[in-house]
Amino acid sequence: MRQRDKLVRKCMIAMLAMATVSVPVYASSMELIANQGLGMGIDETDGSYYPINMLVAERTTAFFIRMEPQVMQEAGGLPAFLITNGTDTWYFEDSEYLEEYGLLCFDTSEQSAWEEGRYDIQVDFPGGDRLEEEITFRDMKDIDILIVPIDGFYSGETKQTEEFDESLCEYTAKVYPVGADDLNWDIYSGEEADFDSLKYDLDTSMGRLRVWQNLKGLRKESGSDMVIGIVAENMKSEPSAREAAVTGFTFGDYVSVISLEDASPSVTIAHEIGHCLSLGDEYENGTFSLSMNMVPYKMKGKNRFALSEAAEGTNPYIRGGAADETQGSGTIVYAQQYPYDIFAGKLISHDMTSFMGLSGYPESEYWATAQIWESLYRELAEDGDGEKKKQEKEEKRK
């Protein structure tokens, strides 16, 4: 909670007292984790875990300290948590040790999101241990996404798309490094595009290409950063295929189409937006983006930026899921990495796989990997002209 006068006095007294004694050495057996969706990354050189420190402004943030039960006992009790940006100071005393996770969790619900800038954190335990950390929150770029419901043509039959459920957009906000107002979803309300003909047959590659071309035109017309077309059912890879297995597609240029028949269309939305932001697939024979999200170990496919080149996962610490009836194909997100649902305000206690893997599983089985988070963070972080760009976008919307 934001510092009140009483707490200001309390902090000043505490800091004066600290100045009279030597400062304890940083306790290496403790690690501060500022968690906005995933707490720990996996080091590609040795498989060890490290805290992810790429933090987004105006996004719900949970603070934890990783420490074993014995270390918690030796610390002498629950600590005080201080955070300051040089101008304002916040002080938190409520915390709880979650032994099943090996985490000390702070109740910072009254100040859950932070403005852009650098902050100093100090955590003092009754036994004398102190942790000190400097963290930085950065603004992300706004992304305007136009959703276009499509009455699609499937091998001679038109399938109508029902009204779009906006709750399907929430998943992307959970797993992407974006602030509360950085994703702007607009449902298309203009003149309906005519896709009810053989020319736009979604069960053919040429028909899908023509639908994509029309949506590309809408993107240019609307000025949106991305366009996502929504169709009612899955599509066949080709007219002679026995079953409809295509749940989404894109030909680039920030335009995608997804099917609401997918087991988890909310995840497919995040997957297709990922392709627009240069992420690659994470399944066998997929098209991989080597610089963004590494290929899971021993998985083979093509380089999406040079399709004539083969690509294969060679890092044994980047493991893909089993791709069977219970687990997806994408890179495994382990429970030990502390995936955190910012909307529910709780840790997720089971392993998941990357949303860039194969579709077909419930939403609860997919998450962002550390590589995806870090790559998208670098892609979306403002370059210093963030406020100017936001003002320009606001003017454009008027």
Side-chain angles (χ1 to χ4, degrees), residues 141-169 171-172 176 183-241 243-262 264-281 286-287 289 304-305 307 356 359 393 396-397:
K141 299 172 184 176
D142 283 354
I143 304 177
D144 294 329
I145 303 172
L146 181 65
I147 302 290
V148 183
I150 295 171
D151 291 343
F153 188 81
Y154 295 79
S155 300
E157 185 179 358
T158 300
K159 306 290 179 65
Q160 291 188 331
T161 300
E162 297 179 359
E163 185 175 344
F164 181 72
D165 182 358
E166 294 186 43
S167 67
L168 294 176
C169 302
Y171 177 81
T172 301
Y176 272 58
L183 288 177
N184 304 305
W185 306 87
D186 299 314
I187 310 299
Y188 180 69
S189 57
E191 184 178 346
E192 291 187 14
D194 181 14
F195 296 115
D196 186 13
S197 70
L198 183 62
K199 179 180 178 181
Y200 299 107
D201 191 346
L202 290 167
D203 287 333
T204 68
S205 58
M206 186 56 68
R208 290 192 287 272
L209 175 61
R210 288 173 178 145
V211 169
W212 172 84
Q213 288 171 332
N214 272 267
L215 295 177
K216 181 181 174 182
L218 278 180
R219 176 178 173 243
K220 183 177 181 181
E221 178 185 315
S222 66
S224 301
D225 295 306
M226 299 179 190
V227 172
I228 298 178
I230 305 294
V231 297
E233 297 182 6
N234 294 345
M235 299 147 277
K236 295 181 179 180
S237 56
E238 56 183 38
S240 60
E243 61 180 27
V246 178
T247 60
F249 66 88
T250 182
F251 293 92
D253 281 341
Y254 304 97
V255 176
S256 299
V257 174
I258 75 154
S259 163
L260 295 180
E261 189 184 0
D262 183 18
S264 48
S266 58
V267 177
T268 304
I269 289 175
H271 181 106
E272 294 301 334
I273 291 175
H275 281 317
C276 290
L277 294 171
S278 300
L279 294 181
D281 294 318
T287 53
S289 182
R304 67 167 289 180
F305 299 109
L307 293 176
M356 294 308 296
S359 62
K393 284 199 170 187
K396 186 174 71 172
R397 291 194 189 106

Heavy-atom pair with the smallest gap, counting every atom of [X] and [Y]:
X	Y	value
Ser256	Cys276	OG-SG, 3.8 Å
Thr172	Ser266	OG1-O, 4.3 Å
Ala232	Tyr154	N-OH, 3.8 Å

Partner residues of [X] under the side-chain hydrogen bond (donor to acceptor under 3.5 Å, both in side chains) criterion, sequence neighbours left out:
X	answer
Thr158	Asp196
Ser197	none
Asp201	none
Lys159	Glu233

Set of ring-ring contact (aromatic ring centres under 6.0 Å, His included) partners for Tyr176, sequence neighbours left out
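In terms of ring-ring contact (aromatic ring centres under 6.0 Å, His included), with neighbours along the sequence ignored, Tyr176 is linked to Phe355.
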
Can you check whether Ser289 reaches Leu279 side chain to side chain, under 4.5 Å on heavy atoms?
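The answer is no, as the side chains (C-beta and beyond) never meet within the 4.5 Å cut-off.
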
Lys216: which residues meet the salt bridge (charged side-chain N to carboxylate O under 4.0 Å, His left out) condition with it, sequence neighbours left out?
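Residues passing salt bridge (charged side-chain N to carboxylate O under 4.0 Å, His left out) with Lys216: Asp253.
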
Would you find more than 12 non-hydrogen atoms of other residues, nucleotides or ligands less than 6.0 Å from Gln160 atom CD?
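No, not enclosed.
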
According to side chain to side chain contact (heavy atoms under 4.5 Å, CB included), who are the partners of [X], at least two apart in sequence or on a separate chain?
X	value
Ser167	Asp165, Glu170
Glu221	Leu218
Ser264	Asp262, Val267, Glu363, Tyr366
Glu166	Phe164, Ile187

Any ring-ring contact (aromatic ring centres under 6.0 Å, His included) involving residues 198-221? Give me the pairs, sequence neighbours left out, ordered by first then second residue.
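For residues 198-221, and leaving out neighbouring residues, the ring-ring contact (aromatic ring centres under 6.0 Å, His included) pairs sorted by first residue read Phe195-Tyr200, Trp212-Phe251.
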
Going by the salt bridge (Lys or Arg N to Asp or Glu O under 4.0 Å) test, which pairs reach into residues 264-279, not counting sequence neighbours?
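Residue pairs passing salt bridge (Lys or Arg N to Asp or Glu O under 4.0 Å), neighbours aside: none found.
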
